[in-house]
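In what follows, chains are A, B, ... by sequence order, proteins preceding strands, each numbered from 1. The shown structure was predicted, so the numbers you read here are calculated from the model rather than taken from an experiment.
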Amino acid sequence: MRDYDPSTVEPKWQKRWEEARVYNTDLKNAKNPYYSLVMFPYPSGDKLHVGHWYNFAPADSYSRYMRMHGHQVFAPMGFDAFGLPAENFAVKTGTPPAKSTAENVKTMITQLKRIGTMYDWEKMVNTSDPSYYQWTQWLFLQMFKNKLAYKKLGNVNFCPSCQTVLANEQVWEGKCERCGSEVQQKALSQWYWKITQYAQKLLDNLPGLDWPEKTKIMQKNWIDRSEGVNIRSRIKDLGDEFEVYDSVPQTFMAQTFTVIAPEHPLVEKMVKGTAQEKEVMAFVERIKKKKAAKRFNFMEDVEGVFTGRSVDNPFGTGDLPIWVASFVVMEYGTGIVHCSAHDERDFVFAKKYGIPLRPVMFPADPEEATKVRDLEYCYHKDPEAIMEQPAAFKGRKWGEVRGDIITFMEKDLKIAKRAVHYRLRDWLVSRQRYWGAPIPIVYDPDGNPHPVPEEHLPWLLPTDVEFKPTGKSPLTYSKEFIERTEKIFGKWWRPEFDTMDTFVCSSFYYLRYLMENDQKNFIKKDLEKNWLPVNMYIGGPEHACMHLIYARFVMMALKDFGFVSHEEPFQKLVHQGLITNKGAKMSKSKGNVVSPDSFIDRHGSDVFRMYLMFMGPFTDGGDWSDTGIKGTDRFVQRVWRIFGQDAKDAKDAKDVTVELHRAIKKVTDSMEKMHFNTAISALMEFLNAVEGKAFSNETAKKFTSLLSPIAPHLSEELWEALGGKGFVIDQQWPTYDPKLLVTDTMIIAVQVNGKLRGQVEVGSGASESEILGAAKADTNVQKFLGGQKPKKEIYIKGKLVSLVV
RNA sequence: GCCGAAGUGGCGGAAUUGGUAGACGCGCACGACUCAAAAUCGUGUACCGCAAGGUAUGAGGGUUCGAUUCCCUCCUUCGGCACCA
C-alpha cells in the first residue's frame with residue numbers, strides 16, 4: 001500500500017500548474033473578475049516564517065474557493081523592497097542594497113512557490129526596481145503639480161553619536177536603538193503631502209467599506225474630526241493677532257488664562273527685551289529637550305512659566321495672562337489655547353500656579369454646586385450641568401447649548417468663527433535615507449524647487465554613495481547624481497537628496513499589478529474600472545492607520561487628477577490574526593521565530609497550511625504549537641487511502657448521499673465566512689461518516705472539490721486518481737440539495753423547568769400536538785413532571801419542547 | 001486615562017436569529033496488531049458522585065420557560081491611541 005508522499009506529489013503539481021499557466025489571469029478580457037490581494041511582503045534575508053504562511057496560505061485558499069465559483073481570480077504577488085533593513089545590512093557589510101534585495105527576492109519567490117499558492121507571477125512588482133519606482137516618482141510629480149506636495153520645516157529624530165537620522169522605529173524610549181545615545185530633534189526642510197485636504201472624505205467614505213469595524217474606528221480616531229470655534233485674540237501692547245481653537249465653546253466665559261506651546265514662534269517675540277526673557281527662554285529650551293528625548297511624561301510634566309504678556313480682554317471679563325505650558329501641542333489647532341476651570345488639565349495647571357479660575361456651569365445639586373464654586377474639583381463634561389454665563393444662556397443645560405453658543409459667538413459677539421479641526425497631520429514623505437525612491441525634484445541655483453520632467457523618469461537612484469551614517473542623506477555623496485543634474489538642468493543645479501517614505505511605494509501597487517510592467521502608462525482606465533476596487537484585501541492589522549490611510553488618500557487624489565474612476569481602493573478588508581511564540585510576537589531579536597521548513601519537509605505544504613487553518617479562526621491567530629499537526633497529517637493519509645487508493649466506483653450508500661450534501665453545506669458556509677477551521681472539521685466529519693461505506697466516483701470527486709482550496713496538491717492528485725478531467729481547481733464548486741438534508745425522523749429534546757430531561761424521536765412530519773404528546777409520554781419526563789399538568793408548553797420547531805410546572 | 005477585541009475541558013477550538021454546551025482535532029487511558037517499540041486501528045474521555053442526580057462557558061447580578069449568546073457591575077489578558085484644548 002502506497003502512502004501519500006507530498007515530497008513527490010507537491011512539486012509535481014506545482015510544475016504542472018506552472019506549465020499549464022493555470023494561474024495566469026487574462027486581465028483585459030476577464031468577464032467575472034475577482035481581485036484577491038494580500039499585502040505584499042518585505043523581502044527580508046530571513047526565510048519565510050510561520051506568520052507568513054498563516055497569512056498567505058488561507059488567503060490562497062479563499063482565492064481558490066472564489067475561483068471555483070466561476071470568478072476569474074487575480075492573485076498577484078510582489079515585494080515592498082525599499083526600506084531600512086537592506087540599508088542597515090549595507091552599512092554593516094558593504095553589500096549594496098540592490099544586490100542583497102535581489103537575492104532575497106529570489107529566495108523568497110522560491111519559498112512562496114513552495115506554499116502552492118495560485119499567484120500570477122507574471123504580474124509581479126518590485127518597488128525597488130526602476131521600472132516600478134519611476135511611477136512612485138511620477139506620483140510625486142502629480143502631487144506636486146496639483147499642489148498636494150509642499151515643503152516645510154519638520155522635525156526628525158537625530159542621533160548625535162551615530163550622526164544619523166532615525167526612523168521612529170529606531171528610537172527606543174528616547175534613545176538610539178543602536179548606540180543608546182539620547183535622540184535629539186533636528187529641524188529639516190522636508191516634503192509633505194496634503195492628506196489633510198482629504199480628511200473629511202477619508203472619514204465620510206468609511207461607512208461604505210466592508211472592513212472590520214475595529215479598523216474603521218481606529219481610522220476614525222486617527223483622523224479625529226472635532227468641531228468648534230476659532231476665537232480671534234490679540235496680545236495686549238504688542239497687537240499681534242492670532243486665533244485660538246476651542247472645541248468646547250460652551251465654557252468660553254470661564255476662560256481666565258491662555259497657554260502657548262514652547263515651540264511657538266510668538267513666545268520669543270513676546271518676551272524679547274522683557275524681564276521674563278531669560279526665564280521663559282530657558283524654560284522653552286528645557287521643555288524642547290525633554291520632548292525631543294521623548295522622555296516626556298504627560299501626566300507628571302504639567303509645568304509652565306508666565307510670559308508677562310496677556311490677551312487683550314476678549315470677552316469683557318478681563319485680560320487673560322499668557323503662560324508657556326509644557327502640555328500644549330504645537331501641531332494641533334494654532335498652538336495657543338484659552339483655558340478654563342472646566343478642563344481637567346487647565347484646572348490642574350491653574351491650581352499649581354495659583355491662576356484664578358471662574359466656573360460658569362454647575363451641578364443641579366446646590367451642595368455640589370458650592371463645591372464647584374469653591375474649586376474643590378474640576379467640573380466638566382456633564383451634559384446636565386446648568387449654565388450661569390453668558391447671561392443669555394443662564395439656566396440652560398450645558399449639553400444642549402453647543403450649537404447655539406457657537407452661533408452666539410459668531411453672530412452676536414462677532415469674536416469667533418465656526419471651525420473644524422482634524423488630528424490627522426500631513427504626510428511627511430521625505431526620508432534622509434538611501435534605499436528608497438529619489439524624490440524627483442531639482443533646485444535651481446537660488447534654491448527653488450523644480451520638478452524633474454517626466455521624460456527623465458526613472459530618476460535613477462545613484463550607486464556611488466556613502467552608506468555609513470554621516471548626518472546627511474547618503475545621496476549627498478554621489479558625484480554622478482550631481483553631475484547628472486547639472487548636465488540636464490545647468491551649472492549649480494542640485495538634486496533633492498532625500499528619498500521617499502516606503503509607504504508611498506505601497507500606496508498604489510495594487511494598480512501597477514494590473515499594468516504588467518507597462519512603462520508608458522501608469523494605469524489604464526478600463527483595467528482599473530474592471531478590477532478595482534480590490535474585492536478582498538488581506539493583511540495585518542498593524543497597517544490600519546498608516547498604509548491603509550495612505551493608499552485611500554492616494555486613490556482619492558488619483559481620482560481627482562483624472563487617472564482612476566474609483567475613490568476607494570479596497571472594498572473588503574480582512575486582517576489575519578497574529579501568530580505568537582510563547583506569547584511574544586515572533587522576531588529575530590527575541591530569537592523565537594519558527595521556521596516552517598522542517599514541517600514542510602516532513603508533512604508537506606498541504607498538511608502544514610491545513611494545520612495552520614485548523615488551529616482556529618483565521619482572524620484570531622494564536623500561540624504557536626506543533627502538537628496536533630499529527631491530526632491533519634492523519635487526515636491527509638486517510639483521505640488518500642479512502643478516496644485515492646481503495647476507492648471503487650459503487651452506488652452511494654443511503655446515508656453517504658445525505659452526509660455529502662450536509663458536508664457541502666457546512667464547508668460552503670464556513671468558507672464563505674473564512675472559517676477555515678470549521679470547513680476542515682466538516683471535511684473530517686464527512687470522512688468519518690463515509691469510511692467503510694460504499695460511495696460513487698461522483699461522490700469522491702465532489703469531496704475532492706470541497707477539499708481542493710484547502711489542500712490543493714492532494715486534491716489534484718486525487719482528482720487524477722479518480723479519473724477527473726483537467727485540474728480540480730478548474731471545477732465548479734459543488735452545490736447541495738436542501739431536500740436531501742431533511743431526514744425521516746427528528747430527535748426532539750425535552751426540557752422540564754429548563755433542564756434537559758429526555759429526548760423523543762418523532763417523524764419529520766409530526767404535528768406540534770403529536771410532539772408535545774410524545775414529549776409528555778416520555779418516562780423520565782413524566783418523572784420530573786411529577787404527575788402535574790404543565791402550566792406552560794413551548795415547542796421550538798424541530799428542536800425542543802420546554803415544559804414548565 | 002480613553003477606544004476596541006477576547007475570556008468555554010488537560011490543550012487548540014465548535015455551537016443560524018437566545019433553544020440538547022464541548023462538534024472536529026490534539027493529548028491522555030485502556031484494548032488489538034507486535035518479541036518489543038513506532039505507525040495504524042478500536043473503545044472511552046468536562047467536573048463531582050457507586051448511582052439517582054448535581055455542578056459547569058472569567059466573577060457577581062438581571063431579563064427569560066430557557067442565556068456561551070441580550071442588559072448592568074466588576075476582574076483578567078491582548079491590540080490601538082495617549083496632554084488634541
Side-chain angles (χ1 to χ4, degrees), chain A residues 3 212-218 220-222 224 226 228 244-249 251 255 258-259 261 296-302 325-340 342-346 348-349 421-425 541-542 544-545 575 577-578 580 583 585 611 614-617 619-632 634-635 637-638 641 666 669-670 675 677-685 687-688 691 747-759 783 790-805:
Chain A
D3 270 1
E213 227 28 64
K214 181 187 156 174
T215 309
K216 291 204 231 176
I217 290 169
M218 271 167 74
K220 192 171 167 250
N221 293 343
W222 190 264
D224 194 26
S226 134
V244 170
Y245 178 66
D246 193 345
S247 73
V248 194
T251 57
Q255 294 172 347
T258 298
V259 289
F296 208 72
N297 186 327
F298 293 122
M299 284 312 173
E300 291 162 20
D301 288 300
V302 176
S326 59
F327 60 81
V328 185
V329 180
M330 183 61 207
E331 291 80 15
Y332 188 80
T334 56
I336 313 182
V337 190
H338 292 329
C339 302
S340 81
H342 299 299
D343 179 276
E344 225 175 348
R345 220 175 13 205
D346 300 349
V348 171
F349 188 81
H421 277 248
Y422 302 91
R423 197 171 180 144
L424 183 73
R425 306 281 152 78
E542 68 273 18
C545 288
H575 297 304
L578 179 71
T580 55
K585 197 171 165 173
Y611 175 60
F614 190 53
M615 271 172 60
T619 49
D620 281 12
D623 204 48
W624 170 253
S625 155
D626 60 6
T627 63
I629 196 163
K630 228 181 189 172
T632 44
R634 272 182 199 145
F635 174 68
Q637 294 298 342
R638 281 175 68 205
R641 198 175 63 236
K666 273 193 183 176
D669 291 350
S670 294
H675 290 182
N677 53 334
T678 51
I680 294 168
S681 70
L683 291 168
M684 288 172 165
E685 279 178 273
L687 190 72
N688 291 343
E691 191 170 19
I747 292 168
I748 303 292
V750 186
Q751 291 183 341
V752 179
N753 287 341
K755 289 200 164 139
L756 183 69
R757 295 304 180 190
Q759 290 185 337
K783 188 176 136 196
K791 60 177 177 208
K792 210 165 177 183
E793 296 175 6
I794 297 151
Y795 171 58
I796 305 297
K797 201 165 175 288
K799 296 242 158 138
L800 64 67
V801 167
S802 185
L803 304 169
V804 187
V805 289

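Here the nucleotide nearest the side chain of R345(A), chosen from U20(B), C83(B), C41(B), is C83(B). The side chain of D343(A) approaches A85(B) more closely than any other nucleotide in the set G19(B), A85(B), C81(B). Closest to the side chain of M684(A), out of C24(B), C41(B), G79(B), is C24(B). Proximity note for S681(A) (side chain, C-beta onward) versus C41(B), C24(B), C3(B): the nearest is C24(B). Distances from the side chain of D246(A) to the nucleotides A15(B), G12(B), A85(B) place A85(B) closest. Here the side chain of K214(A) is nearest to one of G79(B), C84(B), A85(B), namely G79(B).
Within the nucleic acid shown, P617(A) comes within 4.0 Å of sugar-phosphate atoms alone, with no base atom in reach, counting heavy atoms only. In this structure, Q759(A) reaches the bases: a heavy-atom distance under 4.0 Å links it to at least one base atom across the strands shown. Within 4.0 Å (heavy atoms only), V248(A) reaches sugar-phosphate atoms of the nucleic acid but no base atom. Within the nucleic acid shown, D669(A) has no heavy atom closer than 4.0 Å to any nucleic acid atom. In this structure, T632(A) reaches neither bases nor backbone, as no heavy-atom distance under 4.0 Å exists between it and the strands shown. I336(A) comes within 4.0 angstrom of no nucleic acid atom, judged by non-hydrogen atoms across all strands. The residue V750(A) sits apart from the nucleic acid: no heavy atom pair falls under 4.0 Å.
Listed pair N677(A) / A14(B) meets the phosphate criterion, a side-chain N or O lying under 4.0 Å from OP1 or OP2. Phosphate contact (OP1/OP2 of A52(B), side-chain N/O of R757(A), threshold under 4.0 Å): absent. Listed pair K755(A) / U55(B) meets the phosphate criterion, a side-chain N or O lying under 4.0 Å from OP1 or OP2. For G53(B), the OP1/OP2 oxygens have a side-chain nitrogen or oxygen of K783(A) closer than 4.0 Å. Between N688(A) and A23(B), a side-chain N or O to OP1/OP2 separation shorter than 4.0 Å is absent. Y422(A) has no side-chain polar atom (N or O) that falls below the 4.0 Å cut-off from OP1 or OP2 of C84(B).
Distance check on atom P: C78(B) versus G31(B) gives 44 Å, rounded to whole Å. Taking atom P on both nucleotides, C47(B) is separated from A51(B) by 13 Å, rounded to a whole Å. The gap from the C1' atom of C65(B) to that of G60(B) amounts to 23 Å, rounded to the nearest Å. For C74(B) and C84(B), the C1' atoms lie 31 Å apart once the distance is rounded to whole Å. Nucleotides A36(B) and C50(B) are separated by 36 Å at their P atoms, to the nearest Å. A distance of about 8 Å separates the C1' atoms of G49(B) and G53(B), rounded to the whole Å. A distance of about 15 Å separates the P atoms of C11(B) and G27(B), rounded to the whole Å. Separating the P atom of G10(B) from that of A59(B) is a span of 14 Å, rounded to the nearest Å.
In this structure, a donor-acceptor pair under 3.5 Å is absent between the side chains of T619(A) and H575(A).
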*Could you go through the side chain to side chain contact (heavy atoms under 4.5 Å, CB included) check for E691(A) and R641(A) one step at a time?*
CA-CA 10 Å; E691(A) 191 170 19; R641(A) 198 175 63 236; 3.6 Å; yes
_Please determine whether side chain to side chain contact (heavy atoms under 4.5 Å, CB included) holds for the pair D246(A) and Q255(A), giving the CA-CA distance in whole Å, both sets of side-chain angles, and the decisive distance to 0.1 Å._
CA-CA 11 Å; D246(A) 193 345; Q255(A) 294 172 347; 2.7 Å; yes
*asked:* Before you tell me yes or no, could you show the steps for Y795(A) and L800(A) under side chain to side chain contact (heavy atoms under 4.5 Å, CB included), namely the whole-Å CA-CA distance, both residues' side-chain angles and the distance that decides it to 0.1 Å?
replied: CA-CA 6 Å; Y795(A) 171 58; L800(A) 64 67; over 6 Å; no
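For E331(A), the CD atom sits in a packed shell: over 12 heavy atoms of surrounding residues, nucleotides or ligands are nearer than 6.0 Å.
Between V750(A) and R757(A) there is no side-chain heavy-atom pair separated by less than 4.5 Å. Looking at heavy atoms from C-beta onward, Y422(A) lies out of side-chain contact with D224(A) at the 4.5 angstrom threshold. Using a 4.5 Å heavy-atom cutoff, the side chains of V801(A) and I794(A) are not in contact. Looking at L687(A) and R638(A), their side chains come closer than 4.5 Å, going by heavy atoms from C-beta outward. Counting heavy atoms from C-beta outward, M218(A) and K220(A) have side chains that stay 4.5 Å or more apart.
Spacing between atom NZ of K666(A) and atom P of A23(B) amounts to 12 Å, rounded to whole angstrom units. Distance, L683(A) CG to A14(B) P: 16 Å, rounded to whole Å. What separates CE of M615(A) from C1' of C24(B) is a distance of 15 Å, to the nearest Å. Rounded to an integer number of Å, the gap from CH2 of W222(A) to C1' of C3(B) is 14 Å. One interatomic measurement links the two molecules: CG of L756(A) to P of U20(B), which rounds to 9 Å at whole-angstrom precision.
Among the duplex regions that RNA chain B forms, those built from at least three successive Watson-Crick or G-U pairs under 3.5 Å are B:1-7 with B:75-81, B:10-12 with B:24-26, B:27-32 with B:40-45, B:46-48 with B:53-55, B:58-62 with B:70-74, ordered by first number.
Note: F614(A) and F635(A) fail the aromatic proximity criterion, with ring centroids not under 6.0 Å apart.
With rounding to the nearest 0.5 angstrom, the OG atom of S226(A) is 10.0 Å from the CZ atom of R423(A). The structure places CG of N677(A) at 7.5 Å from OG of S670(A), a figure rounded to the nearest 0.5 Å.
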Using nucleotides 65-69 of chain B, report all nitrogen or oxygen pairs with the protein that are shorter than 3.5 Å.
unit_1: C65(B); atom_1: OP1; unit_2: K792(A); atom_2: NZ; d: 2.8
unit_1: C65(B); atom_1: O2; unit_2: S802(A); atom_2: OG; d: 2.7

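The base of C41(B) lies outside donor-acceptor range of the side chain of R638(A), with no N or O pair under 3.5 Å.
Within residues 620-630 of chain A, the residues approaching RNA chain B are T627(A), G628(A), K630(A), by heavy-atom distance under 4.0 Å.
Regarding the sugar-base torsion, G9(B) falls in the syn class, its angle being within 90° of 0.
Counting only distance, with no hydrogens or angles, the side chain of D343(A) and the backbone of D346(A) share a donor-acceptor pair below 3.5 Å.
Taking the six-membered ring where the residue is Trp, Y332(A) and Y245(A) present perpendicular rings, their angle passing 60° and hence far from 30°.
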